[in-house]
Q: 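What follows is a single structure, and I will ask about it in a moment.
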Amino acid sequence: MAIDIEKIRQDFPILKKEIYGKHLVYLDNAATTQKPRCVVDTIVNGYYDCNANIHRGVHFLSQQATEAHESARKTVQQFIHAQHAHEIIFTRGTTEAINLVAHSFGISQCNDGDEIIISQMEHHSNIVPWQLLQQIRNIRLRVLPFDKKGVLQIDQLENLINEKTKLIAIAHVSNTLGSINPVKQIVQIAHSHNIPVLVDGAQSTPHTPIDVQDLDVDFFAFSGHKIYGPTGIGVLYGKEKWLEAIPPYQGGGEMIQKVSFEKTTFNELPFKFEAGTPDYIGSTALATALNYVSEIGIDNIAHYEHELLQYATNKLSQIEGIRFIGESEHKSGLISFLVGNIHPYDMGTILDKLGIAVRTGHHCAEPVMKAFDIEGTVRASFALYNTTEEIDILAAGIERVAKMFRR
């Protein structure tokens, strides 16, 4: 089914905005996507029509809000094809989800001298939590490198694994290089050694079908705001056996079963990991976003965005002096580049004056920049509402900036 782009763009009022007298060209979707009207309506209606704290009330509004929140959990379960709804933990986003695993898995399953394997292309959110764990458990981080094209060197993974390896934590798609990593292959290798795998799905979930059972991942995290949902809501999927085995991340209301000054017992899944009042408005709005994506069809979105990526790659490759950072044959959703000696900040600032929103800098992936011996890149990232015409505007804008600096 072909995507009706004009119809879709009508769902996103912000795309009609003008920046410095220019029509907005929004190409910063890897940082956050814009929100369709139906998602914003869900937030407004949630506060105006059924706002009440969930799970603890016997009155109508509380039961209505609870039902909406738990229905959202089932929507997430179906969207990523989890086996059970109680394997879905609502978090504030991918970052908190990874921190949850680093803390709860780390303190219960890791001892001094144990090792965690991550990759060289990880976002800081999948580096720093493990370094924090090092302060509690004297673990060692081992790093799977990538080659000059930004492709993980999977043939080196077996060499990193040993009897001390406790977990492999890996990005599904790099937020800087766009590389799609062979997660299923990584999981198969890891499981052959009885090692669980955590996958950062922040950059993959908006762009490609996710089936956590088919991938056989042990943990999978993603953020609502990157898939047309609200900020401050995200998901951690965990296999039931692991969620039962590891302790709570935080303490407080809802995650308890019984509390006394002598002892506290914990609630069943998923509530064991959801201390305090959850973002029940955010969860229902996330469900609306996922339903919106499902109605369009994630396969249709993947196909369309792949065409956009190919078009953009071909168009931008014609610009004199351009250098792509990340040239894997298997990419998703974004292009990182430099032009001549133009600093990324200068390029991004001038493009902004032309109404073009891109991201500049190290993209919370400083080890990637170090590997290429650069300070940062310009990143253009795509979503289902972007068009080839917008890519033409981007290319013309880059050319304009390049000519300015050549003079």
Side-chain angles (χ1 to χ4, degrees), residues 53-56 65-109 125-126 129-130 133 167 169-172 196-202 204-205 210-213 215-227 229-257 264-287 289-290:
N53 210 328
I54 63 173
H55 293 144
R56 297 187 277 275
T66 300
E67 183 178 341
H69 180 69
E70 293 307 321
S71 176
R73 197 186 306 275
K74 292 177 182 177
T75 297
V76 175
Q77 173 203 354
Q78 294 163 3
F79 190 82
I80 64 172
H81 299 92
Q83 186 174 3
H84 305 293
H86 60 251
E87 294 176 315
I88 304 301
I89 309 299
F90 285 118
T91 66
R92 289 183 296 131
T94 304
T95 297
E96 185 178 50
I98 296 173
N99 274 273
L100 188 160
V101 176
H103 180 271
S104 295
F105 180 93
I107 64 172
S108 63
Q109 307 296 318
S125 294
N126 200 25
W130 307 110
L133 177 61
L167 181 78
I170 205 90
H172 199 169
V197 178
L198 161 69
V199 172
D200 172 353
S204 62
T205 309
I210 300 297
D211 187 329
V212 293
Q213 291 187 77
L215 293 173
D216 200 23
V217 293
D218 300 276
F219 301 100
F220 187 92
F222 72 94
S223 299
H225 72 98
K226 295 183 190 293
I227 189 167
T231 58
I233 189 75
V235 169
L236 172 67
Y237 157 81
K239 283 183 179 177
E240 181 181 50
K241 68 173 184 178
W242 284 116
L243 295 179
E244 292 285 12
I246 63 178
Y249 174 49
Q250 296 175 323
E254 195 57 44
M255 53 76 65
I256 58 91
Q257 187 177 66
T264 293
T265 55
F266 304 129
N267 207 342
E268 62 186 7
L269 296 176
F271 312 115
K272 169 183 171 183
F273 292 101
E274 295 181 351
T277 299
D279 185 2
Y280 53 88
I281 301 295
S283 64
T284 54
L286 172 59
L290 297 183

Q: Examine distances only and state if a side-chain atom of K226 and a backbone atom of T205 form a donor-acceptor pair shorter than 3.5 Å.
A: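 Judged by distance alone, no pair lies under 3.5 Å.
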Q: Donor-acceptor pair, K241 side chain versus D218 backbone, under 3.5 Å?
A: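 Absent.
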Q: How many angstroms lie between CD1 in I246 and CD in E244, if you round to the nearest 0.5 Å?
A: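 If I round to the nearest 0.5 Å, the distance is 10.0 Å.
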Q: Return the minimal non-hydrogen interatomic distance between P247 and S104, and the atom names on each side.
A: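 Here P247 and S104 meet closest at O-OG, 2.9 Å.
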Q: Would you say I227 and F79 make side-chain contact, with heavy atoms under 4.5 Å?
A: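 Contact flag for I227/F79 side chains = yes.
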Q: Any side-chain heavy-atom pair from I89 and F219 closer than 4.5 angstrom?
A: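 SC-SC contact between I89 and F219 ruled out.
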Q: Testing the basics here: between G224 and L286, what is the closest heavy-atom pair and its distance to 0.1 Å?
A: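 Shortest heavy-atom separation between G224 and L286 comes out as CA-CD1, 3.7 Å.
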Q: Tell me whether E70 is salt-bridged to R73, with the criterion being a basic N under 4.0 Å from an acidic carboxylate O.
A: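 Between R73 and E70 there is a salt bridge, with a charged N closer than 4.0 Å to a carboxylate O.
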Q: Does any part of the side chain of W130, heavy atoms only, come nearer than 4.5 Å to the side chain of V101, both counted from C-beta?
A: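 Yes. Closest side-chain heavy atoms under 4.5 Å.
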Q: On a heavy-atom basis, which atom in A171 and which in N126 lie closest, and how many Å separate them?
A: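 Closest pair (atom of A171, atom of N126, distance): N-ND2, 4.5 Å.
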Q: For T94 and A221, which heavy atoms make the closest approach, and how far apart are they?
A: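 Looking at all heavy atoms of both residues, the shortest contact is CG2-CB, 3.9 Å.
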Q: Measuring only between side-chain heavy atoms, which start at C-beta, is I233 closer than 4.5 Å to F90?
A: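 Yes. Closest side-chain heavy atoms under 4.5 Å.
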Q: How many angstroms lie between atom CD of Q213 and atom CD1 of I80, to the nearest 0.5 angstrom?
A: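 That separation rounds to 9.5 Å.
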Q: Could you go through the salt bridge (Lys or Arg N to Asp or Glu O under 4.0 Å) check for D279 and R92 one step at a time?
A: CA-CA 8 Å; D279 185 2; R92 289 183 296 131; over 6 Å; no
Q: What closest approach, in Å, do I98 and P129 show between heavy atoms, and which atom pair accounts for it?
A: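 Minimum heavy-atom separation between I98 and P129: CG2-CG, 4.1 Å.
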Q: Rounded to the nearest 0.5 Å, what separation is found between the CG atom of L198 and the CG atom of L167?
A: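 Going from CG on L198 over to CG on L167, the span is 6.0 Å.
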Q: For the atom pair CD1 (I210) and CZ (F222), what is the distance rounded to the nearest 0.5 Å?
A: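 I210 atom CD1 to F222 atom CZ measures 9.0 Å (nearest 0.5 Å).
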Q: Roughly how far apart are H172 NE2 and F220 CZ, rounded to 0.5 Å?
A: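 Here the rounded value is 6.5 Å.
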Q: If you measure from CG on L236 to CG on N99, what distance do you get to the nearest 0.5 Å?
A: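 L236 CG to N99 CG: 11.0 Å, rounded to 0.5 Å.
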Q: For residues F273 and L100, report the shortest heavy-atom separation together with the two atoms involved.
A: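 Nearest heavy atoms, F273 then L100: CD2-CD2, 3.8 Å.
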Q: Would you mind listing every side-chain hydrogen bond (donor to acceptor under 3.5 Å, both in side chains) that reaches into residues 75-90, with sequence neighbours excluded?
A: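 Pairs touching residues 75-90 that pass the test: H86-E240.
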Q: Is a donor on one side and an acceptor on the other found under 3.5 Å between the side chain of S283 and the backbone of Y280?
A: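 Yes, because the side chain of S283 sits within donor-acceptor range (under 3.5 Å) of the backbone of Y280.
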Q: Hey, would you say the F271 and H55 ring centroids sit under 6.0 Å apart?
A: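 Yes, the ring centres sit under 6.0 Å apart.
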Q: Report yes if the side chains of V197 and D216 come closer than 4.5 Å at any heavy-atom pair, otherwise no.
A: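 In short, these two side chains do not touch, never coming nearer than 4.5 Å.
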